[in-house]
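Sequential numbering from 1 along the given sequence is applied to the chain's residues.
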Amino acid sequence: MVNSYREVLRQYWGYDDFRGIQREIIESIGSGHDTLGLMPTGGGKSITFQVPALCSEGTCIVITPLIALMKDQVQHLRRRGIRAAAIYSGLTREEIITILENCIFGGVTILYVSPERLSSELFRTKLRHMKVSFITVDEAHCISQWGYDFRPSYLQIADIRKDLPGIPVLALTATATPLVVEDIQSKLAPPDISLTSHLLPLTSFNVFKMSFERKNLAYVVRRATDKREQLIHILESVKGCAIVYARSRRRTKEVAELLCEAGISATFYHAGLDTAVKDQRQRDWQEDKIRVMVATNAFGMGIDKPDVRVVIHIDCPDSLEAYFQEAGRAGRDGRKAYAVLLYNDADQRKLDKRISDTFPEKDYIRKVYEHLAFFYQVGVGSGYHATFEFNIDKFCHAFRHFPIQVDSALKILNRAGYIEYTEEQDNQARVMFTISRNELYKLEHSTPNEEKVITALLRNYGGLFVDYNFIDESFIASQCGLQPQQLYMILKNLSEKHILHFIPQKKTPYVRYLQRRENTENVQLPPVVYEERKEQFRERINAMITYATNDHVCRSRQLLRYFGENDSHDCRQCDVCLSHPHDQVSDSLATPEAHAILELLDDGKPHHITELRDIQLPTEPLNVALEYLLREEYIFQEDGFLSKKH
């Protein structure tokens, strides 16, 4: 079978052999074993499910939250002659049924779906009639409540396994701490394995881990009072394609404008932009028409651009998982690249504030729940399964709240099971003709572009004279040779002429009551929903601060140890390694200075750093030994006190 896998790899991708742990993962899932693969960004995750899918009978279901990745991979697979399809928001019911029935009749080898799709009754009904080869769970850390990017919709995968007994699961992630690795296996365990035993789920999965070390990537933390000045300096010094990550949507625009004013080609990207605009900017960046993409964390997942030379964080992320994944988008071609974090004292204050913003007081959360009921006029004991559009600005104005805390409160109420809070659901544009087909043919004074658009709509969508139909604006624009903004204006003009009715795309959050409204004082927020998650969040914030401020331990080593790789070594290319040349320090504890420091700390108590003055040895060698012991983590420093590793 190994030779069959290699033949498929050579036939469709042109590679002679697998790299890293790809072969082990493929053989494991191909043999029907539940498998967990931990691979860094750029490690070739997609090959590990695409190759065995082609060597198996039936359809491989790939669950991923990344619509951009779905579309991109389906296009790439189809170009290679592989039968692939994707189901995502915006497709019509008829289109979805066609894709699912093609799967049932063996016409689709790889089917991409979003986790939200798993709750659809239509999908579940059709799934029971499919021959499924195996299930792939991409971004598997999203299923763990201890992960930095927990998504409740991922928990529905366990229900899918009940519908498909005996079908193996391949879970893939590029960022998972040891605790998250455990939780992934527990949450995805087959339904016949009892989760009451802590050990059983761990034995059901074959786990393969590729080292997260990136030998070509230099991690740098740059202390920067003026971050904008430093940003321009770095981009002028490091040539080539770049990504700059910023915390807010407004900041992406400001930074992009700053770079353009400095003569650096840049644009910005965030989730609030129209789909057509996002697609165009992403395409311009991938085709090197734009050098720098300034973006929120909405950008990058599933983007296959290997020649990014530098990733810069102008704002500090709130977890090392997020930082590692975003930084890892640099240098995927194996050539030298840089991941730079711009940091100053204000960042620590901002990170600390994120804890209270993300976990507001319980009484405040209950107040938001009460105000939500007032907002929608939902009485106590009513509202079960009621769904409402949620305008956060209007809500905050009515009850004098701040959006950040309201958003956090609603997410906590979501986890507690009181409501379902869907952030900015992307409602695709809809069109319906308001005149008959005969009247349409008799139209006069239409512009050539209007005629192109009308023709494209009629060719690609049925039933437009009977009911509204979702349309893909990007697709129609490309068919007509128009820019997305041009298409938008033409559709608006046609709507004003009463030829058709055009409902533009909009992003709308929704709130749905999952149970009848409770009295406010009866709203329960248990520890697993509030205290435990708050503590986990605090630990992730503290780990991020430690990474940014620890100038004694190699940056790469700090990251690898966080992800459970304790046998790491100095990278000799990060800012810490370059500021402590190795030829100054003997890799030994035998120096008198190192011995004296360790002897001082042998009593197990913390000692203030000033006590080193009492050691009767030359100052310079003593400082070198201190730096060595801190860097190698034989001793630790906190708030000016030194202590020995236990």
Worksheet entry | Aromatic contact, Tyr323 with His313 (centres under 6.0 Å) | yes
Discussion item. Is the distance between the ring centroids of His270 and Phe299 under 6.0 Å?
Written reply: no
Sequence neighbours excluded, which residues qualify as salt bridge (charged side-chain N to carboxylate O under 4.0 Å, His left out) partners of [X]?
| X | value |
| --- | --- |
| Lys162 | Asp159 |
| Lys534 | none |
| Lys126 | Glu101 |
| Arg128 | Asp163 |

Would you say the side-chain atoms of [X] and [Y] include a donor-acceptor pair closer than 3.5 Å?
| X | Y | answer |
| --- | --- | --- |
| Tyr421 | Asp407 | yes |
| Gln73 | Gln50 | yes |
| Ser28 | His33 | no |

Name all residues meeting the side-chain contact (heavy atoms from CB on, under 4.5 Å) criterion together with [X]; count only those two or more places apart in sequence or in a different chain, and write none if there are none.
| X | answer |
| --- | --- |
| Gln524 | Tyr418 |
| Thr387 | Tyr510, Arg512 |
| Ala86 | Met70, Val74, Tyr88, Tyr112 |
| Thr177 | Leu179, Val180, Glu321, Tyr562, Phe563 |

Suppose we screen for side chain to side chain donor-acceptor pair (under 3.5 Å). Which residues come up paired with [X], at least two apart in sequence or across chains?
| X | value |
| --- | --- |
| Ser211 | Glu565 |
| Asp393 | none |
| Arg415 | none |

Response to the item:
Only one of Lys227, Lys350, Arg251 passes side chain to side chain donor-acceptor pair (under 3.5 Å) with Asp315, and that residue is Arg251
Discussion item. Can you see whether Phe212 has Lys209 sitting over its ring - NZ or CZ less than 6.0 Å from the centre and within 45° of the normal?
Written reply: yes
Practice prompt. Please list, chain by chain and in numerical order, all residues satisfying ring-ring contact (aromatic ring centres under 6.0 Å, His included) with Phe123, sequence neighbours excluded.
Written response: none
Worksheet entry | Side-chain heavy atoms of Leu100 within contact of Met130, under 4.5 Å | yes
